[in-house]
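Working notes for the structure below.
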Amino acid sequence: MDFQLPDGTTLSLPGGATGADAAAAIGPGLARAALAVKVDGEVRDLARPLAGGDGATPTLEVITERSGADALALIRHDTAHVLATAVMELYPGVKISIGPPIEDGFYYDFDFPDGTHLSDSDFERIEQRMREHIAAGEPFVREDIPAAQARQRFAAEHQDYKVQLIDDIVRDQYADSVSLYTNGPFTDLCRGPHGPATDRIKTFKLQSVAGAYWRGDANNKMLTRVYGTAFFSGKELDEHLERLEEARARDHRRLGPQLGLFMLSELAPGGPLWLPNGMVIWNELTALWREENAVRGYREVKTPILYDVELFKTSGHWEGFREHMYFTEVEGRTMGLKPMNCPAHIQLFKNERRSYRDLPIRFSEQGLVHRHEPGGTLHGLLRVRHITQDDAHIFCTEEQIPAEVNRCLDFGQAIYDHFGFEPRVELSTRPDKRIGSEEMWDRAETALIDALTQRHVEYRVAEGEGTFYGPKIDLHMTDSIGRSWQLGTVQLDYVMPERFALTYTGADNEEHRPVMIHRALMGSFERFIGILIEHYAGEFPLWLAPVQVTVLPIADRHVGYGSSVRELLANAGVRVELDERTESIARKIRDAELRKIPYMLVVGDRELETGQASLREHRGGDRGSVAVDDFAARVVEEARTRAHSE
RNA sequence: GCCGACGUAGCUCAGCUGGUAGAGCACUUCACUCGUAAUGAAGGGGUCCGGGGUUCGAGUCCCCGCGUCGGCUCCA
């Protein structure tokens, strides 16, 4: 058998040779360092015979500690097995399910006997036992056995989840055998691959315990999931933990209140209360949003938040969204807070007869909607119940869809470019439960795909994730701790126009049904600002900075001059403060730095004489003297152009 | 909604096995008038999330509720 090595050379091995043989043939050092081999992109155990390629020479790479993601995934998977080993020993009667490696670590899901609750205070004991198994250097031994035999074995051990998994493998993959891995006293159903032995795990840490539904289905039993991570060195682990710590420092839930942007109250769960500094950012974004909408042919509207429930019966929200809505009785009528703006915008559309000449009609609204999101899902500004959307609805003909979708994506690009965002794009296609003809779906999906390919954007296809009324394009961003949140969405809707019997008069003088496009780009102001806070780590570019300049007098006798400096800047339209406190200049600077104010103007005897100010930039240090009016002009210009921060 | 953890001064947190609350920062006052990341001193400030229970006695133990955090599910 011939294999091509990463350096381009060819390695010839006798038939039946294993991965370990391959590593040994290359060199004794590599043989010792080898964890696994990667043949044509597939990672395989060292002990397994190498499969010959059919035709072309397969590539072969020996996986060692230096192989990056492949190597880490391997030992993290190994560590998950060791975790299960320890838990099985310490908690008799526990049922195991699955334990894969994931980004940055691994987890294992357990079903503990009734009455046993795991918490992170149990980690020490478990870790201790895990270390014993690692020190013992127990080899991972693979065996392929008939599925029926494996099933019998796990059934005898009352490992119900494993039995279910085997049944599924047999049913879905028509497999007649499955693989088992044994390390020390523990045998798991597992497709592998694994490292040679447990002592190749150099350092690991159990991190958290959480609930997770069996097979991710809320109808199933909730299992106990233990998260952990593993590395090849303590240094790498420490660096990883340090990164997590740094990410936490960017967390908008920490920075927001710290910088006086917003607060959260127990009395208004899911409803952030905006402080003056936060409103500055909110209003700047609103101004941007308004400008961008206006140049793109949107007409701004404003609609109530409270409606007779009849509206939602027509729209379908009563049937499909009721449990997420708030209702109240007023004078014997049931009223509901709108969870979306579309029914309201439809009222506006219906306000007059529409001609094909009027289309497309684009309504935009900074629309306030309320959704009763489940308590366990609320998350600072990123998941709220009180949602202010940068919403818009476009009513158009079917022929106009491609152009309008493209305009929406252009618009999104323009918005995101202001912040240097590069959202991930996702196309959601027809779900199983849907309405409308296949032709309609074909056309709608084609329109969206065309728009995306035309723009050369990379996108992921989420099969079957579309709404029941149409496909959609979603734009996602990641928060400081790696969680993905949807910002923008562009959705085609054929259903609402139907339910509300919307029509326009065509060139043929017949009534036709328009199509609606639901579109939000920032998503919600709450979520967008949350992402912004983390994106900038609280260090906002000048145009968004709640306080742009602070004037710092050296001593009390300079307050008068400082006051005139402030005046000049304020008159020029700069958001400026004067620190009049009787404090040392070092103290005033420190406080301004902690507040992340972009510019500081120090004024003392020298500046008073020359009529200037000493400029200091946030994180940039002393920038020397500036003429105050020049500086004011510069700041105004920087804010006007909405320049990025450096 | 589900699983687990947590909830003490405005903020960050301490408070051992139950004996009636403490630090730093912030705040107020006084002194200092200062040149690029914390001047010093004194003082004020607490329904220990809420409600029940156990106990002679609960911040501490138990139950229920609310909120928050980490996940899971959901996310038109």
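Reminder, nothing fancy here: chain letters follow the sequence lines and each chain counts from 1.
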Give a yes or no on whether a donor-acceptor pair under 3.5 Å exists between the nucleobase atoms of rA38(B), that is its base, and the side chain of Arg587(A).
no
Could you tell me whether the side chains of Gln486(A) and His476(A) share a donor-acceptor contact shorter than 3.5 Å?
no
Are Phe327(A) and Trp318(A) an aromatic pair by the rule of ring centers under 6.0 Å?
yes
Sugar-phosphate only, base, or nothing, as touched by Thr377(A) at under 4.0 Å among non-hydrogen atoms:
base
Distance, P atom - from rA23(B) to rU33(B), rounded to whole angstrom:
31 Å
Starting at atom CD of Glu526(A), determine the distance to atom P of rC75(B), rounded to an integer number of angstrom.
21 Å
Taking the six-membered ring where the residue is Trp, are the ring centres of Phe321(A) and His324(A) under 6.0 Å apart?
yes
So does Arg225(A) get a side-chain nitrogen or oxygen closer than 4.0 Å to the phosphate oxygens (OP1/OP2) of rG4(B)?
no
Toward the 5' end of RNA chain B, which comes first, Leu118(A) or Asp251(A), by nearest nucleotide?
Leu118(A)
If you measure from the P atom in rG18(B) to the same atom in rC13(B), how many Å do you get, rounded?
25 Å
Between Ser265(A) and Ala210(A), whichever has its closest RNA chain B nucleotide further toward 5' is Ser265(A)
With a 4.0 Å cutoff (strictly under), does any side-chain N or O of Arg619(A) reach OP1 or OP2 of rA37(B)?
no
Given the C1' atoms of rG10(B) and rU20(B), what is the spacing between them in whole Å?
25 Å
Quick one: does NZ or CZ of Arg225(A) land under 6.0 Å from the six-membered ring centre of Phe106(A), within 45 degrees of the ring axis?
no
Nucleotides 44-49 of chain B: which of its N/O atoms have a protein N/O under 3.5 Å away?
none

Side chain of Leu594(A) (C-beta onward), nearest among rG35(B), rG71(B), rA37(B)
rA37(B)
Checking all strands, does Arg483(A) fall into the base, sugar-phosphate, or nothing category for heavy-atom contacts under 4.0 angstrom?
sugar-phosphate
In whole angstrom, give the distance that lies between atom NE2 of His324(A) and atom P of rC74(B).
11 Å
To the nearest angstrom, the CG-P distance between Leu378(A) and rG71(B) comes to 15 Å
Just checking Glu607(A): base, sugar-phosphate only, or nothing, at a heavy-atom cut-off of under 4.0 Å?
base
Quick one, give me the B/S/- string for nucleotides 28-34 of chain B, reading 5' to 3', where B means a protein heavy atom under 4.0 Å from the base and S means that only happens at the primed atoms, P, OP1 or OP2.
----BBB
Between rU60(B) and rG19(B) - P atom distance, rounded Å:
11 Å
Taking the P atom in each of rC61(B) and rC75(B), what is the distance between them to the nearest angstrom?
39 Å
Whole-Å P distance, rG45(B) and rU28(B)
16 Å
Tell me what Gly216(A) touches on the nucleic acid: a base, only sugar-phosphate, or nothing, going by heavy atoms under 4.0 Å.
sugar-phosphate
Between Thr478(A) and the options Glu534(A), Arg424(A), Arg483(A), the side-chain hydrogen bond (donor to acceptor under 3.5 Å, both in side chains) test singles out Arg424(A)
If you compare every side-chain N and O of His379(A) against the phosphate oxygens of rG70(B) (OP1, OP2), does one of them come in below 4.0 Å?
yes
Please give, in whole Å, the distance from rG40(B) C1' to Arg581(A) CZ?
16 Å
Going by the angle between their ring planes, with limits at 30° and 60°, are Tyr161(A) and Trp214(A) parallel, tilted or perpendicular?
perpendicular
Could you tell me the separation between the CG atom of Leu601(A) and the P atom of rG35(B), rounded to a whole number of Å?
18 Å
Say you pick atom P in rG15(B) and the same atom in rU8(B); how far apart are they, in whole Å?
13 Å
With both distances under 3.5 angstrom, what nucleotide forms a Watson-Crick or G-U wobble pair with rC32(B)?
none
What is the distance, rounded to the nearest whole Å, between atom CZ of Arg383(A) and atom P of rG70(B)?
14 Å
Counter-base of rG44(B), judged by Watson-Crick or G-U geometry with both distances under 3.5 Å:
none
Hey, can you tell me if Phe363(A) and His345(A) have their rings parallel, tilted or perpendicular (30° and 60° cut-offs)?
perpendicular
Can you figure out which of rU68(B), rC72(B), rU73(B) approaches the side chain of Met222(A) most closely?
rC72(B)
Does the ring center of His372(A) lie less than 6.0 Å from the ring center of Tyr326(A)?
yes
Should rU54(B) form a Watson-Crick or G-U wobble pair with both distances under 3.5 Å, which nucleotide is its partner?
none
Quiz question: by atom type and distance under 3.5 Å, do the side chains of Glu465(A) and Thr429(A) form a donor-acceptor pair?
no
Closest heavy-atom pair, Gly380(A) versus Arg253(A), reported as atoms and distance to 0.1 Å, is CA-CG, 3.7 Å
Watson-Crick or G-U wobble partner of rG4(B), both distances under 3.5 Å:
rC69(B)
Which part of the nucleic acid, if any, lies within reach of Arg606(A) when heavy atoms closer than 4.0 Å are counted: base, sugar-phosphate only, or nothing?
base
How long is the line joining CD of Glu373(A) and P of rC75(B), in whole Å?
10 Å
May I ask you to decide if the ring planes of Tyr91(A) and Phe112(A) are parallel, tilted or perpendicular, using 30° and 60° as cut-offs?
perpendicular
Name the pairing partner of rU12(B), where a pair is Watson-Crick or G-U wobble with both distances under 3.5 Å, or state none.
rA23(B)
Report yes if the distance between the aromatic ring centroids of Phe110(A) and Tyr108(A) is under 6.0 Å, otherwise no.
yes
Do Arg76(A)'s NZ or CZ and the ring of Phe231(A) fall within the cation-pi criteria of under 6.0 Å and 45°?
yes
For atom OH of Tyr213(A) and atom P of rG71(B), their distance in whole Å
15 Å
Mind checking if Tyr227(A) touches a base, just sugar-phosphate, or nothing, with heavy atoms under 4.0 Å?
sugar-phosphate
Measuring only the C1' atom in each nucleotide, how far is rC48(B) from rG7(B)? A whole number of Å is fine.
10 Å
